[in-house]
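Everything on this sheet refers to the single structure shown next.
Remember, it's 1-based here, ligands and their atoms both numbered in the order they're listed.
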Amino acid sequence: MVNFSKRQLKIISIVKNNEPISGEEIAKNLGVAKTTLRNDLAILTMTEVLDAKPKVGYFYSGQTTPPLLFDKLFQTNVESLMMPPMIVKQDMSVYDAIVTLFMYDVGSLYVTDDVGELSGVVSRKDLLRATINNTQMGSTPVAVIMTRSPNIITVKKDARVLDAGYLLLQHKIDSLPVVDQVNSSNVIGKITKTVITEYFIKSGLDIESNNY
Ligand code: ADP
């Protein structure tokens, strides 16, 4: 995996915008001596991010994006993107669950049992379905309509965002409860399709505009 230093990223950016450019010019641009950059330039040419043409200078080979994208997007763990979960008790009514959904502007609720362990998930569609022909929304507990444990798909905080995203796609769901490493019934966060999409798009745009 390639982990470029701040200076190496700066060099990439300089070359990208000024190619072909000599080592001296890069050094001048950074306000350092050319010898200071020897190692950085060696690494960047060895990893084929930069092309060095004798007597012409350095070119950007166009290969920075894959390693940078790979590093930033695919190695990020769930912990760095997870958000606080919205947890409700399983005796909460369908009516109150709908109100909670709107009040906190969330797409799903995680339901816990009497001892605080994850027992279910309630989504928007679960609630919509529960309202059809139901005049008892105020007295129907979410426990009746939720998707129940052990059918809940969860993820641990040290999993990669890539794997969490795969689970979301595979199971056609919008969010995953992030659970404790040891006690997998203890919910510590949530990771959603929206957050992952936002992260991927923003990172892509950042990389595109050299804003590493
Ligand atoms: P929506 O129902 O609003 O489209 P989802 O796509 O997340 O939202 O949910 C689809 C179904 O999958 C619902 O019945 C929901 O209870 C269930 N579900 C949601 N998240 C999970 C999860 N992490 N594990 C298991 N089932 C889930």
Side-chain angles (χ1 to χ4, degrees), residues 1 69-207:
M1 196 169 50
L69 265 178
F70 190 87
D71 218 22
K72 184 149 196 241
L73 300 186
F74 300 153
Q75 301 304 326
T76 303
N77 62 19
V78 163
E79 186 176 17
S80 50
L81 291 191
M82 73 183 192
M83 299 180 308
M86 180 49 59
I87 295 177
V88 302
K89 296 258 168 60
Q90 53 188 10
D91 59 0
M92 178 183 260
S93 70
V94 167
Y95 181 91
D96 286 343
I98 294 173
V99 172
T100 307
L101 215 68
F102 278 103
M103 207 154 70
Y104 293 95
D105 194 19
V106 291
S108 41
L109 306 172
Y110 300 153
V111 185
T112 55
D113 62 16
D114 298 341
V115 289
E117 301 206 322
L118 179 65
S119 60
V121 172
V122 178
S123 75
R124 281 177 276 223
K125 253 182 261 153
D126 294 332
L127 291 167
L128 262 181
R129 196 181 303 114
T131 61
I132 297 174
N133 294 330
N134 183 354
T135 51
Q136 309 295 321
M137 280 192 296
S139 55
T140 309
V142 287
V144 174
I145 64 152
M146 68 190 188
T147 299
R148 300 185 152 271
S149 208
N151 299 322
I152 310 296
I153 317 295
T154 61
V155 71
K156 302 232 159 89
K157 67 178 181 182
D158 60 354
R160 295 177 309 165
V161 166
L162 188 64
D163 300 316
Y166 179 71
L167 286 173
L168 290 168
L169 291 180
Q170 193 186 20
H171 295 279
K172 297 191 171 72
I173 49 182
D174 290 346
S175 82
L176 299 172
V178 182
V179 293
D180 188 76
Q181 304 284 116
V182 184
N183 178 1
S184 61
S185 298
N186 185 19
V187 182
I188 58 169
K190 78 167 172 184
I191 181 138
T192 67
K193 244 182 208 171
T194 311
V195 157
I196 296 179
T197 308
E198 199 177 19
Y199 180 68
F200 272 45
I201 301 294
K202 280 191 178 154
S203 304
L205 290 174
D206 270 0
I207 286 171

Examine the proximity of ligand 1 to Thr154 and report which part, side chain or backbone, both or neither, has a heavy atom under 4.0 Å away.
neither
Going by distance alone, is a donor N or O of one side chain under 3.5 Å from an acceptor N or O of the other, for Asp158 and Gln181?
yes
Out of Ile153, Leu101, Val122, Leu128, whose heavy atom sits nearest atom 23 (N) of ligand 1?
Ile153
Do Ser119 and Tyr110 have a side chain donor and acceptor closer than 3.5 Å?
no
Can you name the residues that form a side chain to side chain donor-acceptor pair (under 3.5 Å) with Asp126, not counting sequence neighbours?
Ser123, Arg129
Nearest non-hydrogen contact to atom 25 (C) of ligand 1 from the set Asn151, Leu127, Val121 belongs to Asn151
On a heavy-atom basis, I'd like to know which of Ser123, Pro177, Gly107, Gly120 is closest to atom 2 (O) of ligand 1.
Ser123
Please report which non-hydrogen protein atom sits nearest to atom 7 (O) of ligand 1, along with the residue it belongs to and the distance in Å to one decimal place.
Asp174 N, 2.9 Å
Identify, with sequence neighbours excluded, every residue that meets salt bridge (Lys or Arg N to Asp or Glu O under 4.0 Å) alongside Asp163.
Arg160
Going by the order shown, which atoms of ligand 1 are within less than 4.0 Å of some heavy atom of Ile152?
24 (N), 25 (C)
I need the atoms of ligand 1 closer than 4.0 Å to a non-hydrogen atom of Lys172, numbered in the order shown.
6 (O)
Between Val111 and Met92, is there a side-chain heavy-atom distance shorter than 4.5 Å?
no
Could you check whether any heavy atom of Ser108 sits closer than 4.0 Å to an atom of ligand 1, since that is the contact criterion I want to use?
no
Return the closest protein heavy atom for atom 16 (O) of ligand 1 as residue, atom name and distance.
Asp126 OD2, 2.5 Å
Is any NZ, NE, NH1 or NH2 atom of the basic residue among Lys157 and Asp180 found under 4.0 Å from an Asp or Glu carboxylate oxygen of the other?
no
Which residue holds the protein heavy atom closest to atom 22 (C) of ligand 1, what is that atom called, and what is the gap in Å?
Ile173 CD1, 3.5 Å
Can you sort out which atoms of ligand 1 are near Thr147, meaning under 4.0 Å from one of its heavy atoms?
14 (O), 15 (C), 16 (O), 17 (C), 26 (N)
Is it the case that the side chains of Thr131 and Asn134 hold a donor-acceptor pair, with the cut-off being a distance below 3.5 Å and no angle test?
no
Logged contact type for His171 with ligand 1, heavy-atom cut-off 4.0 Å, is neither
How long is the straight-line distance from CD of Gln170 back to CD1 of Ile153, given to the nearest 0.5 Å?
8.0 Å
